[in-house]
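On a predicted model such as this, the values are computed, not experimentally measured, just so you know. Every chain is numbered from 1 and lettered A, B, ... according to where its sequence line falls, protein lines coming before strand lines.
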Amino acid sequence: MPELPEVETVARDLRTAAVGQRITRVRLSRPDVVRHPGPEAFAAGLRGTRVEAVERLGKFILCALDSADELVIHLGMTGHLWVCNASLPPRPHTHLRCRLEDGRELRFADARRFGRLLLGPRALLREVGVLPLLGVEPLSDEFTRDRFTAALRRTTRPIKSVLLDQRSIAGIGNIYADEICHHAGVRPTRRCHRLTRAERVRLFEAVPAVLHKAIANRGTSFDDYRDLWDARGSNEEELQVYGRGGLACPRCGSVLRRTVLGGRSTVYCPDCQR
DNA sequence: CCCCTATCCTGAGGGC
DNA sequence: TGCCCTCAGGATAGGG
């Protein structure tokens, strides 16, 4: 499940691989992964354009094109973007193939099809509602301690729900929400307005700490995440709680507990997360 | 406002 | 061996 660190890893490599390249040929074999505009307009609008920049916003990848449109990619749960020689046979569930000038191909595959593709000017995509307004980027200068702790004081929601809310903070998903709570020593079910000042500060510091480390490890390949070159990230080895219910807490040795919060599997340490 | 649930979708894994 | 069931969850929509 690609979250901010995985999407950032892919976006950085895509920047190197695709910026300056012209898309000479477009094959869209699964029209329903395109959410805007229609499939024909999407393919026609992509063909012949040059990639000028690649940016990540939350879990979205935005490729600025010389046509003034942006190609927007959301990987959903199982979406996979990769660049390979155009002659390689496509893997199953490959929905989009973009031929690049250098003989390589940018491909989008997604078994569950929770991912989606958009094309258009960013403002239009926002207007139409296919590109949602996102909260603060947790690795940017806008993510300040005052802003974060003030937001937490204002809500009664469980801390994990806030971390997962893309309108509050962009890019955090189920894996890193649990990891951030564990790093901060705060139980994910804790209601924000009841957190102490020290806990709010620990959470604020845990957010970039956990995300930066995961980026340094090129992401977590817990299920089927692979980078642009089809390689695994190594951050799975660093996970303290996610997917480890019933196992020992790496910090204190207690048995990690699994529960469900907001419909999401949630793992925490009953002893060192209060 | 906030929470819960269903929806989309496929593959993996368990039980029998 | 194979079939059926459940579960995984990012985002969104709808009901309470």
Side-chain angles (χ1 to χ4, degrees), chain A residues 1-11 29-36 39 56-62 72-81 90-96 108-118 125-135 137-138 150-181 188-195 211 214 219-226 232 236 239 241-247 256 258-268:
Chain A
M1 44 221 88
E3 305 180 24
L4 187 150
E6 292 76 34
V7 179
E8 177 68 20
T9 301
V10 170
S29 41
R30 256 288 184 180
D32 62 344
V33 298
V34 174
R35 303 302 171 85
H36 187 92
R56 177 195 58 73
L57 278 184
K59 299 175 195 169
F60 290 85
I61 295 170
L62 298 96
V72 180
I73 301 153
H74 193 293
L75 299 173
M77 283 284 298
T78 52
H80 182 210
L81 211 54
R91 65 178 56 201
H93 307 293
T94 295
H95 308 316
L96 176 71
F108 173 73
D110 185 8
R112 275 181 234 181
R113 304 208 300 282
F114 282 14
R116 51 226 142 102
L117 304 172
L118 318 169
L125 299 175
R126 288 243 160 83
E127 229 170 88
V128 177
V130 288
L131 182 63
L133 269 179
L134 298 169
E137 280 293 325
L152 295 189
R153 276 198 304 269
R154 280 198 299 268
T155 179
T156 63
R157 307 167 70 189
I159 177 61
K160 181 174 175 181
S161 301
V162 174
L163 293 173
L164 287 175
D165 185 349
Q166 302 301 301
R167 295 163 306 180
S168 305
I169 308 167
I172 298 170
N174 206 36
I175 295 176
Y176 297 110
D178 277 6
E179 293 299 314
I180 288 163
C181 289
T189 51
R190 286 280 300 284
R191 294 187 175 268
C192 289
H193 68 303
R194 316 219 23 197
L195 294 169
L211 297 178
T220 302
S221 293
F222 192 86
D223 274 331
D224 34 21
Y225 164 73
R226 297 292 184 276
R232 299 172 65 90
E236 183 183 349
L239 297 183
V241 285
Y242 181 84
R244 302 192 69 247
L247 301 176
L256 296 174
R258 183 188 173 278
T259 184
V260 174
L261 195 157
R264 314 278 153 176
S265 170
T266 299
V267 183
Y268 65 91

Expressed in angstrom and rounded to an integer, what is the separation of [X] atom [atom1] from [N] atom [atom2]?
X      : N      : atom1 : atom2 : value
A:L131 : C:dG10 : CG    : P     : 18 Å
A:R264 : C:dG10 : CZ    : C1'   : 6 Å
A:R258 : C:dC7  : CZ    : P     : 9 Å
A:Y176 : C:dG10 : OH    : P     : 12 Å
A:R35  : C:dG10 : CZ    : C1'   : 11 Å
A:L125 : C:dA11 : CG    : P     : 16 Å
A:K160 : C:dG9  : NZ    : C1'   : 10 Å
A:I175 : C:dG9  : CD1   : P     : 9 Å

Exercise. Are the side chains of A:V72 and A:L125 in touch, meaning some heavy atoms are under 4.5 Å apart?
Worked result: yes
Problem set entry | Any A:V267 side-chain heavy atom under 4.5 Å of A:Y242 side chain |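 With C-beta onward as the side chain, the pair stays apart.
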Using a cut-off of 4.0 Å on non-hydrogen atoms, how would the nucleic acid contact of [X] be classed: base, sugar-phosphate, or nothing?
X      : result
A:P158 : sugar-phosphate
A:R113 : sugar-phosphate
A:P2   : nothing
A:S265 : sugar-phosphate
A:T155 : sugar-phosphate

For this session: For A:R56, check salt bridge (charged side-chain N to carboxylate O under 4.0 Å, His left out) against everything at least two apart and list the hits.
Result: A:E8, A:E137
Exercise. Looking at A:L134 and A:L57, what are the two nearest heavy atoms and their distance?
Worked result: CD1-O, 3.6 Å
Less than 4.0 angstrom between a side-chain N/O of [X] and OP1 or OP2 of [N], yes or no?
X      : N      : value
A:Y242 : C:dG9  : yes
A:Q166 : C:dA11 : yes
A:H74  : C:dA11 : yes

Problem set entry | Donor-acceptor under 3.5 Å (A:R153 side chain, A:H193 main chain) | no
Exercise. A:H80 pairs by side chain to side chain donor-acceptor pair (under 3.5 Å) with which of A:H93, A:R226, A:R91?
Worked result: A:R91
Exercise. Hey, mind stepping through A:S265 and A:R258 against side chain to side chain donor-acceptor pair (under 3.5 Å) and telling me if it holds?
Worked result: CA-CA 7 Å; A:S265 170; A:R258 183 188 173 278; 3.2 Å; yes
For this session: Between A:R30 and A:R191, name the one whose nearest nucleotide on DNA chain B is closer to the 5' end.
Result: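 First, find each residue's nearest nucleotide; the 5'-ward one identifies A:R191.
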For this session: Kindly confirm whether the side-chain ring of A:F114 is stacked on the base of C:dG10, judged by centres under 5.5 Å and planes under 30°.
Result: yes
Exercise. Could a donor-acceptor pair under 3.5 angstrom be found where the side chain of A:R116 meets the base of C:dG10?
Worked result: no
Exercise. Are A:R157 and A:D165 ion-paired here, with the side-chain N under 4.0 Å from a carboxylate O?
Worked result: yes
Problem set entry | Opening and closing nucleotides of DNA chain B in contact with chain A, under 4.0 Å to non-hydrogen atoms |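 The protein-touched segment is B:dC2 to B:dG11.
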Problem set entry | A:T78 or A:V130, whichever maps to the more 5' nucleotide of DNA chain C | A:T78
